Each structure stands twice: as C-alpha cells, then as structure tokens.
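Quick notes on the structure that follows.
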Amino acid sequence: MNEKLNEGLKKLGLEFSQNQISRIETYISCVLEFNKTYNLMKADSTDELTVNHILDSLAAAPSIASFIQKIQEKKNIATLQIADIGSGGGCPGIPLAVAFPEQNFTLIERMEKRCVFLESAVCKMNLSNVNVNCIQADLIKPESFDIEVFRAFHPFDSKNTKLLLRMLKKGGILAAYKARAEKISAEMESIKFLVPSYKKIKLEVPFLEDHERNLVVVEK
C-alpha cells in the first residue's frame, strides 16, 4: 500500500476508488521500471515519484474539476477533450485521466521513446479514456481541445503561447503548472499582447508545502 499516495489524496480532498488507486500504483511501477534504462523522470523511489510527480499533478485536480464543469455548462456537453502538451513521462495527463475517467485525454509527445512508454503504461493501466499522440505540437490541427494542461512544456513566450492558443477551442482553458510567482509575472508580462489577462491559483502539494507551486490559467 502506498501510504504517501493515500494520505496525499486525503490532503487534497480527493476520493479515489480502489480501482483508481491501483491504476496509479501500476503507473508508478511502470515509471520506476522504465527509469532504470531511460531516466524518464527524476525520481529514485516510490515516495519521491508519488510526491514530486503524482501528487504534484493532482494538486490542480480541484481546479481542473471546476474548469470542466464551467465548459460543460457553457457548451452543454458532457465529455471534454483535454490535452497534456509535451507529456514526457505522462504528468500531469495520466494522473488527471485517472481522476477524471469520464473525460477524454490526449497525451501530446514528440519523442518516440517516451511515446512507447506512454502507450505501454496506458495499456497496463487499462486507461480507456487516454490516447497517445506521438507528434510535434505544431502539427496538431487548430481548435482541437477544450482544456490544455502542461507541466514540462516550454516557458510562455510568443511562439509557444500562439501555438497553445491555436490548439485550444474557443471558450477553452489553458492551465499551466508553474513555480514562483515573480517568475510567472515576468513570463506573462512578455506576452501580455497575446494574453492580456490571466489567473494565478496557488497550489498546495502534499509533503511539499515549502515549495511554491502555482497554476496559471488562461481563457480563450
């Protein structure tokens, strides 16, 4: 039993079924096994991976839930298209897909070895709501997604912001996992001609309370 995961979920106010917890544990096993050869994520143990990657990804789940509900009500649709841009090892996309099984998730990743891992992990986890798209983000057709999330994608600059907004449907929401508030301010100041307004939501990552974590939210 992963005690860090169970305690972390409680701290975040998330209620996972045993099936959901088992899927997360399968994912952790997949990452640690793949790490032996490819160093997919910076994590040497189950606890480190659970806290720094899984719980970090899930820290935004309450906010993501509110975004989903907002778009559902606005567009009168039940199932949204959610993308993890530059998914890498699958965070935050895979943990969020476990948290929101009724939504469709696409993991966008251009590196083939990472795609092989993602497809294998998704298969072993039996995640039917996740699709892996091994492609460069700039080749994605415009207005493909209702919500875009990213954790390891490049910083906000003119080129990347235009790309992210192009892939996003009208009325869609972009949610970026970021660190220090002052760095966010500098990034967003440089693209205010593209993004005149945004929200910054402070995240509390269980067991990492001394690390500053924020979610930058942009609506199209």
Side-chain angles (χ1 to χ4, degrees), residues 40-41 53 56-57 59-61 63-75 77 79-97 100 103-115 118 129-203 212-220:
L40 186 69
M41 290 187 191
H53 299 283
D56 180 73
S57 296
S63 296
I64 301 295
S66 69
F67 304 156
I68 290 171
Q69 184 178 7
K70 180 177 181 178
I71 294 173
Q72 284 174 328
E73 293 174 353
K74 189 176 181 181
K75 297 188 176 183
I77 54 174
T79 303
L80 275 56
Q81 301 299 323
I82 303 174
D84 177 9
I85 311 297
S87 188
C91 286
I94 287 179
L96 291 176
F100 301 103
Q103 306 306 319
N104 286 334
F105 283 77
T106 301
L107 310 181
I108 308 294
E109 174 55 49
R110 65 181 178 85
M111 294 184 66
E112 192 171 340
K113 285 181 180 177
R114 290 177 181 172
C115 291
L118 292 172
N129 65 326
V130 176
N131 173 57
V132 178
N133 196 344
C134 197
I135 192 173
Q136 288 190 178
D138 57 3
L139 298 177
I140 298 291
K141 71 176 184 178
E143 299 194 5
S144 290
F145 306 113
D146 297 291
I147 296 175
E148 292 172 0
V149 297
F150 70 86
R151 205 175 70 124
F153 198 63
H154 300 296
F156 280 119
D157 60 21
S158 177
K159 180 182 177 182
N160 290 321
T161 303
K162 286 178 182 177
L163 172 59
L164 290 162
L165 291 175
R166 184 181 67 84
M167 292 186 288
L168 196 61
K169 293 179 183 180
K170 187 175 181 180
I173 295 175
L174 170 63
Y177 291 67
K178 294 286 182 178
R180 298 190 308 277
E182 61 266 27
K183 190 173 181 181
I184 291 170
S185 297
E187 272 190 38
M188 301 309 289
E189 178 68 21
S190 71
I191 57 162
K192 65 180 180 181
F193 66 99
L194 290 171
V195 181
S197 65
Y198 67 95
K199 292 179 183 176
K200 179 169 60 67
I201 300 172
K202 184 173 176 58
L203 301 179
E212 186 175 355
R213 197 58 153 149
N214 291 285
L215 194 69
V216 175
V217 182
V218 176
E219 297 190 40
K220 183 175 179 181

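Just so it is clear, the model here is predicted, and its values are computed rather than measured.
Residues Ile173 and Asp146 fail the side-chain proximity criterion, which asks for heavy atoms closer than 4.5 Å. When side chains are defined from C-beta on, Ser190 does not count as touching Asp157, because their heavy atoms never get closer than 4.5 Å. Side-chain contact between Arg151 and Ser57 is present, with heavy atoms from C-beta onward closer than 4.5 Å. Annotation: side chain of Val216 is in contact with side chain of Met188 (closest heavy-atom distance under 4.5 Å). Here the side chains of Ile135 and Ile108 are in contact, with some heavy-atom distance below 4.5 Å. Phe100 has its side chain within reach of Ile64: a pair of non-hydrogen atoms, C-beta onward, lies under 4.5 Å apart. Taking the side chain as every heavy atom from C-beta outward, Tyr198 and Ile184 approach each other to under 4.5 Å. Contact of the Lys75 side chain with the Lys170 side chain is not registered, since no non-hydrogen atoms from C-beta on lie closer than 4.5 Å.
Between the side chain of Asn214 and the backbone N or O of Lys178 there is no donor-acceptor pair closer than 3.5 Å. Although no hydrogens or angles enter the test, the distance criterion places no donor-acceptor pair under 3.5 Å between the side chain of Glu109 and the main chain of Cys115. Checking side-chain atoms of Glu148 against main-chain N and O of Ala83 turns up no donor-acceptor pair under 3.5 Å. Not a single donor-acceptor pair under 3.5 Å links the side chain of Gln136 to the backbone N or O of Asp138.
Among the candidates Val217, Thr161, Leu168, the single residue satisfying the side chain to side chain contact (heavy atoms under 4.5 Å, CB included) test with Leu174 is Leu168. The one candidate from Ile82, Asp84, Ile140 that meets the side chain to side chain contact (heavy atoms under 4.5 Å, CB included) condition with Phe145 is Ile140.
For the atom pair Gln72 CD and Thr79 OG1, the distance stands at 7.5 Å (nearest 0.5 Å). Remark: Met167 CE to Lys220 NZ distance equals 10.0 Å, nearest 0.5 Å. In this structure, Leu139 CG and Asn133 CG are separated by 9.5 Å, a value rounded to the nearest 0.5 Å. Rounding to the nearest 0.5 Å gives a distance of 8.0 Å between CG of Leu203 and CG of Asp56. Here the CG atom belonging to Leu215 is positioned 6.5 Å from the OH atom belonging to Tyr177, to the nearest 0.5 angstrom. The line from CG of Leu165 to NZ of Lys169 is 15.5 Å long, rounded to the nearest 0.5 Å.
No more than 12 heavy atoms of other residues, nucleotides or ligands sit less than 6.0 Å from atom NZ of Lys192. Residue Glu112 qualifies as open at atom CD: its count of foreign heavy atoms under 6.0 Å is 12 or below.
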* To do: Walk me through it: do Lys183 and Glu212 pass the test salt bridge (Lys or Arg N to Asp or Glu O under 4.0 Å)?
  => CA-CA 11 Å; Lys183 190 173 181 181; Glu212 186 175 355; over 6 Å; no
* Working for side chain to side chain contact (heavy atoms under 4.5 Å, CB included), residues Val149 and Leu96 -> CA-CA 10 Å; Val149 297; Leu96 291 176; 4.2 Å; yes
* **side chain to side chain contact (heavy atoms under 4.5 Å, CB included) evaluation trace for Leu107 with Val130** => CA-CA 7 Å; Leu107 310 181; Val130 176; 3.8 Å; yes
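Of all non-hydrogen atoms in Ile191 and Ser158, the two that sit nearest each other are CG2-N, 3.8 Å. The two atoms that bring Lys74 and Gly171 nearest to each other are NZ-CA, 4.0 Å, heavy atoms only. Residues Phe105 and Gly93 approach most closely at CD2-O, 3.9 Å, considering heavy atoms. Closest approach of Leu194 to Lys162, counting heavy atoms only: CD1-CG, 3.8 Å. The two residues Ser66 and Ser63 have their closest heavy-atom pair at OG-O, 2.6 Å. Across every non-hydrogen atom of Glu187 and Pro155, the tightest pair is OE2-CB, 3.7 Å.
Between Phe150 and Phe156, the ring planes lie perpendicular to each other; the angle is over 60°, past the 30° to 60° tilted range.
Ionic pairing of Arg166 and Glu143 is not present here: no N-O contact between side-chain nitrogen and carboxylate oxygen is shorter than 4.0 angstrom.
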